[in-house]
Amino acid sequence: KLTLDGQVGDYRYFGASLERGIDLTKQSISSADAKISYALQPNLSITLTATQEHGSADLVEYGYNDTRAEVSLSAAF
């Protein structure tokens, strides 16, 4: 059995600036992730998960790019 799953997200934050250059007033995060899982046997499966995330904000310190990949093996007893 082969299973595919995925999602795309876009999150935005807007707030009031109490002190310019110190308070975060806007931030956006865009992400996409996908997962593929294959059942090798009825009680044993392998899964590959990949995620890409990009964050930006009006304060440079809060900007980032993140790419992750994970392989897992699951067994049921």
Side-chain angles (χ1 to χ4, degrees):
K1 179 180 174 182
L2 182 67
T3 305
L4 301 171
D5 186 24
Q7 67 180 14
V8 175
D10 193 22
Y11 311 96
R12 302 202 183 279
Y13 165 80
F14 298 96
S17 177
L18 302 176
E19 191 168 336
R20 182 179 291 275
I22 294 177
D23 295 319
L24 183 67
T25 59
K26 61 182 176 179
Q27 181 180 31
S28 65
I29 299 172
S30 300
S31 66
D33 60 69
K35 178 169 71 171
I36 183 168
S37 184
Y38 181 68
L40 302 168
Q41 297 177 3
N43 62 341
L44 184 66
S45 65
I46 188 167
T47 303
L48 171 64
T49 305
T51 302
Q52 170 62 43
E53 193 171 282
H54 172 75
S56 61
D58 58 341
L59 297 179
V60 177
E61 297 86 5
Y62 288 91
Y64 66 93
N65 284 305
D66 184 29
T67 303
R68 295 182 300 272
E70 177 183 310
V71 176
S72 62
L73 187 62
S74 301
F77 298 98

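Bear in mind the structure is a predicted one, so any value in this text is a computation, not a measurement.
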Salt bridge (charged side-chain N to carboxylate O under 4.0 Å, His left out) pairs, two or more places apart, involving residues 32-42: none
Give a yes or no on whether Tyr13 atom OH has more than 12 heavy-atom contacts from other residues, nucleotides or ligands under 6.0 Å away. yes
So how far is it from Leu44 CG to Ser74 OG, rounded to the nearest 0.5 Å? 8.0 Å
Report yes or no: do Tyr64 and Glu53 form a side-chain donor-acceptor pair below 3.5 Å? yes
Between Tyr38 and Val71, is there shared hydrophobic-cluster membership here, with clusters defined by ILVMFWY side-chain heavy atoms closer than 4.5 Å? yes
Distance (rounded to the nearest 0.5 Å) between Ser45 OG and Leu73 CG: 7.0 Å
Atom pair CD/OG of Gln7 and Ser31 - distance to nearest 0.5 Å: 6.5 Å
If hydrophobic clusters are built from ILVMFWY residues whose side chains come within less than 4.5 Å, do Val8 and Ile29 share one? no
Looking at Lys26 and Phe14, what are the two nearest heavy atoms and their distance? CB-CD2, 3.8 Å
dist Ser30:OG -> Gln52:CD (nearest 0.5 Å) comes out at 10.0 Å
